[in-house]
Amino acid sequence: MKEKSNLTTLCYIEHNDCYLMMHRISKKNDINQGKWIGVGGHFEANESPEDCLIREVQEETGLTLTHYRLRGIITFISNNWGCEYMHLYTADGFEGSPDPEQMAACNEGILKWIPKSEIYDLNLWEGDRIFLKLLMETDNFFSLKLEYDGDDLIHTSSQIYD
């Protein structure tokens with residue numbers, strides 16, 4: 001098995017004041033087991049962030065993105081999984097059915113549109129709560145560093161750019 005890149009993308013697709021969320025319940029040995037996250041994944045060889053974004057969204061949802069925006073860079077540091085650099089996107093344009101029942105079957109979890117007002121009621125990583133708040137409260141690009149000890153968020157730092 002080849003080693004995964006420590007570069008990733010994550011996208012929060014918007015539709016009718018909801019985000020498309022994935023409940024990660026399907027994969028064995030999933031670091032995100034039981035959590036709700038956006039869609040995305042690890043870069044493959046020679047991919048740009050946009051290449052990875054478009055491929056991952058297509059693979060996990062069957063949707064083809066037509067309008068998206070890079071919103072931030074998240075640096076995750078963990079004593080359990082090392083360091084990961086995530087390119088965080090939002091998207092509000094896509095081709096394909098927004099009905100999760102008609103989306104591509106995903107082997108990583110269940111897709112569901114969640115009203116933005118209910119996002120914080122979900123089982124989320126603590127760090128995800130921070131960047132979701134930034135996504136919802138500012139249009140500015142940001143950088144966020146999240147340090148974990150196991151599942152516990154122990155340190156954060158951020159920079160918001162004008």
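Small disclaimer: the values here were computed from a predicted structure and weren't measured.
Residues satisfying the side chain to side chain donor-acceptor pair (under 3.5 Å) test with Lys116, not counting sequence neighbours, are Glu14. Partners of Gln102 by side chain to side chain donor-acceptor pair (under 3.5 Å), not counting sequence neighbours, listed by chain and number: Ser97. In terms of the side chain to side chain contact (heavy atoms under 4.5 Å, CB included) criterion, residue partners of Asn123 (sequence neighbours excluded) are, by chain and number, Lys35, Trp36. With sequence neighbours left out, Ser5 forms a side chain to side chain contact (heavy atoms under 4.5 Å, CB included) with Leu7, Phe43. Evaluation of the side chain to side chain donor-acceptor pair (under 3.5 Å) rule for Tyr89 yields Glu50 as partners, not counting sequence neighbours. In terms of the salt bridge (charged side-chain N to carboxylate O under 4.0 Å, His left out) criterion, Glu56 has no residue partners (sequence neighbours excluded). Every residue two or more places apart in sequence or in another chain that forms a salt bridge (charged side-chain N to carboxylate O under 4.0 Å, His left out) with Glu59 is listed here: Arg55. Not counting sequence neighbours, the partners of Ile77 by the side chain to side chain contact (heavy atoms under 4.5 Å, CB included) test are Thr75, Cys83, Lys145, Glu147. Every residue was checked against the side chain to side chain donor-acceptor pair (under 3.5 Å) condition with Thr156, not counting sequence neighbours, and none meets it. In this view, Asn140 and Thr138, Ile160, Asp162 satisfy the side chain to side chain contact (heavy atoms under 4.5 Å, CB included) rule, not counting sequence neighbours.
The hydrophobic cluster containing Leu134 also contains Ile74, counting ILVMFWY residues as joined when their side-chain heavy atoms lie under 4.5 angstrom apart, directly or transitively. Follow the hydrophobic side-chain contacts under 4.5 Å out from Ile37 and you never reach Val57; the two are in separate clusters. Using a 4.5 Å cut-off between side-chain heavy atoms of Ile, Leu, Val, Met, Phe, Trp and Tyr, with links allowed through other members, Leu111 and Leu122 fall into different hydrophobic clusters. Grouping the Ile, Leu, Val, Met, Phe, Trp and Tyr side chains by contacts below 4.5 angstrom, directly or via other members, places Leu70 apart from Leu146. Tracing side-chain contacts under 4.5 Å through hydrophobic residues (I, L, V, M, F, W, Y), one reaches Leu144 starting from Leu132; they form part of the same cluster.
Put simply, CD1 on Ile130 and CG on Leu153 are 5.0 Å apart, with the number rounded to the nearest 0.5 Å. In this structure, Glu60 CD and Ile13 CD1 are separated by 9.0 Å, a value rounded to the nearest 0.5 Å. Summarising the geometry, atom CD belonging to Gln58 is positioned 10.0 Å from atom CD belonging to Glu95; distances are rounded to the nearest 0.5 Å. Distance CD1/Ile54 to SG/Cys11: 10.0 Å, rounded to 0.5 Å. Distance OG1/Thr90 to CG/Leu65: 10.5 Å, rounded to 0.5 Å. If you take CD1 on Ile119 and SG on Cys18, they are separated by 8.0 Å, rounding to the nearest 0.5 Å.
Between Phe131 and Leu10, some side-chain heavy-atom pair lies under the 4.5 Å cut-off. With contacts defined as side-chain heavy-atom distances shorter than 4.5 Å, the pair Ile114/Asp121 does not qualify. No side-chain heavy atom of Val39 sits under 4.5 Å from any side-chain heavy atom of Leu63. Taking the side chain as every heavy atom from C-beta outward, Tyr19 and Met136 approach each other to under 4.5 Å.
Here the side chain of Tyr12 pairs no donor or acceptor atom with the backbone of Leu135 at under 3.5 angstrom. When atom types are taken as modelled, the side chain of His87 and the backbone of Thr8 share a donor-acceptor pair closer than 3.5 angstrom. At least one donor-acceptor pair under 3.5 Å links the side chain of Asp99 to the backbone N or O of Glu101. The main-chain N or O of Gly93 is found under 3.5 Å from a side-chain atom of Thr66 such that the two form a donor-acceptor pair. Judged by distance alone, the side chain of Glu47 and the main-chain N or O of Glu44 form a donor-acceptor pair under 3.5 Å.
Heavy atoms only, all atoms of each residue included: Thr9 and Pro49 are closest at CG2-O, 3.4 Å. Contact record, Pro98 with Pro100: O-CD, 3.2 Å, taken as the closest heavy-atom pair. Listed here is the closest heavy atom pair of Gly38 and Met22: O-CB, 4.2 Å.
A salt bridge (charged side-chain N to carboxylate O under 4.0 Å, His left out) check over residues 67-94, counting only residues at least two apart or in different chains, returns nothing. Listed by first then second residue, pairs satisfying salt bridge (charged side-chain N to carboxylate O under 4.0 Å, His left out) with a partner in residues 127-137 read Glu126-Arg129, Lys133-Glu137, not counting sequence neighbours.
In this pair, Phe94 and Trp113 present their aromatic rings parallel. The plane angle is below 30°, not in the 30 to 60° band.
Within 6.0 Å of atom OH in Tyr120, more than 12 heavy atoms from other residues, nucleotides or ligands are found, so the atom counts as buried in its surroundings.
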